[in-house]
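A quick write-up on the structure given underneath.
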Amino acid sequence: MVGEEGAFVLGWDEVLTEEELSMTLKVLCMSEEEFKEYKEQDGWEDDSEGEENSTLSNEALSRLKPPCKKLLYDSVLLTLESYRSDLKAEQDLLNNKEAYEKLSRREQQALHVRYGQKRILHQLLELVR
């Protein structure tokens with residue numbers, strides 16, 4: 001369900017791997033009975049509820065059912081914990097011109113990537129809170 005990388009791709013405005021995330025949330029938030037019924041229907045590809053066919057925009061994420069929001073929220077927190085530093089530390093380093101200039105070009109680019117990733121994750125936290 002999650003794909004080869006085992007991760008979902010989020011953008012500023014929507015989930016870029018929306019089909020995978022929709023299906024994963026749907027399955028993980030099902031009761032055992034619902035899952036058995038869904039599996040028996042062989043409906044993995046033919047699901048016509050429309051939920052999976054809609055774009056997972058930021059607005060749609062904020063309207064998810066509470067169990068799905070909780071699952072996403074907890075997943076984002078775990079992802080953020082995997083970083084060595086928090087968003088504020090990255091922002092402080094970006095704002096400290098002297099410290100920033102001591103970084104190699106590669107380290108500067110990595111800092112920008114991490115900072116962007118963390119900002120998107122924090123935005124997602126707010127959406128599913």
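Computation of the quantities below employed the complete heavy-atom set of this structure, encompassing side-chain atoms and omitting hydrogens, waters and symmetry-equivalent molecules.
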TODO: Determine whether Glu14 and Leu56 make a side-chain contact, defined as any pair of heavy atoms from C-beta on separated by less than 4.5 Å.
DONE: no
Open item on the list: Looking at every non-hydrogen atom in both residues, tell me the closest pair between Gln108 and Leu103 and how far apart they are.
Closed with: NE2-O, 3.4 Å
Open item on the list: How long is the straight-line distance from CD of Gln123 back to CG of Asp13, given to the nearest 0.5 Å?
Closed with: 7.5 Å
- [ ] Among residues two or more places apart or on two chains, list those pairs meeting ring pair (Phe, Tyr, Trp, His ring centres under 6.0 Å) that have a residue in residues 63-106.
- [x] Tyr100-His112
- [ ] Report the residues that fulfil salt bridge (Lys or Arg N to Asp or Glu O under 4.0 Å) with Asp92, sequence neighbours left out, ordered by chain and then residue number.
- [x] Lys88
- [ ] Give the cluster check for Leu16 versus Leu124: same hydrophobic cluster or not, with ILVMFWY residues linked at side-chain heavy-atom distances below 4.5 Å.
- [x] no
TODO: Considering only Ile, Leu, Val, Met, Phe, Trp and Tyr, and joining two whenever side-chain heavy atoms are under 4.5 Å apart, list the other residues clustered with Val113.
DONE: none
- [ ] Would you give the length of the straight line joining atom CE of Met30 to atom OH of Tyr38, rounded to the nearest 0.5 angstrom?
- [x] 5.5 Å
Task: Gap between atom CG of Leu64 and atom NZ of Lys69 - 0.5 Å precision - done: 7.0 Å
- [ ] Verify, without hydrogens or angle tests, whether Ser104 (side chain) and Glu107 (backbone) share a donor-acceptor contact under 3.5 angstrom.
- [x] yes
Open item on the list: Give me the atom names and distance for the closest heavy-atom approach of Leu71 to Cys29.
Closed with: CD2-SG, 4.3 Å
Open item on the list: Using modelled atom types and a 3.5 Å cut-off, is there a donor and acceptor pairing between side-chain atoms of Asn58 and backbone atoms of Leu127?
Closed with: no
TODO: Mind checking the CD-NZ spacing from Glu34 to Lys26? Nearest 0.5 Å is all I need.
DONE: 9.0 Å
TODO: Look only at the side chain of Ser22 and the backbone of Glu19, and say whether a donor-acceptor pair between them is shorter than 3.5 Å.
DONE: no
Task: Asp86/Leu80 under side-chain contact (heavy atoms from CB on, under 4.5 Å): CA gap, chis, key distance, verdict - done: CA-CA 8 Å; Asp86 63 10; Leu80 286 169; over 6 Å; no
- [ ] Name all pairs fulfilling the salt bridge (Lys or Arg N to Asp or Glu O under 4.0 Å) condition that reach into residues 115-129, sequence neighbours left out, sorted by first residue then second.
- [x] Glu90-Lys118, Glu126-Arg129
TODO: Examine Leu111 and Leu121 and state if one hydrophobic cluster contains both, with Ile, Leu, Val, Met, Phe, Trp and Tyr joined whenever side-chain heavy atoms are less than 4.5 Å apart.
DONE: no
TODO: First locate atom OH of Tyr115, then atom CD1 of Ile120, and finally report the distance between them rounded to the nearest 0.5 Å.
DONE: 11.5 Å
Open item on the list: Going by the rule salt bridge (Lys or Arg N to Asp or Glu O under 4.0 Å), which residues pair with Glu32 if we only count those two or more places apart in sequence or in a different chain?
Closed with: Lys36
Task: Leu21-Trp12 co-clustered via ILVMFWY side chain contacts under 4.5 Å - done: yes
Task: Qualifying residues under side chain to side chain contact (heavy atoms under 4.5 Å, CB included), relative to Glu59, sequence neighbours excluded - done: Ser57, Arg63
Task: CG on Leu77 to OG on Ser82, rounded to 0.5 Å - done: 11.5 Å
Open item on the list: Could you check whether any side-chain N or O of Thr17 sits under 3.5 Å from a backbone N or O of Val9, counting only pairs where one atom can act as donor and the other as acceptor?
Closed with: yes
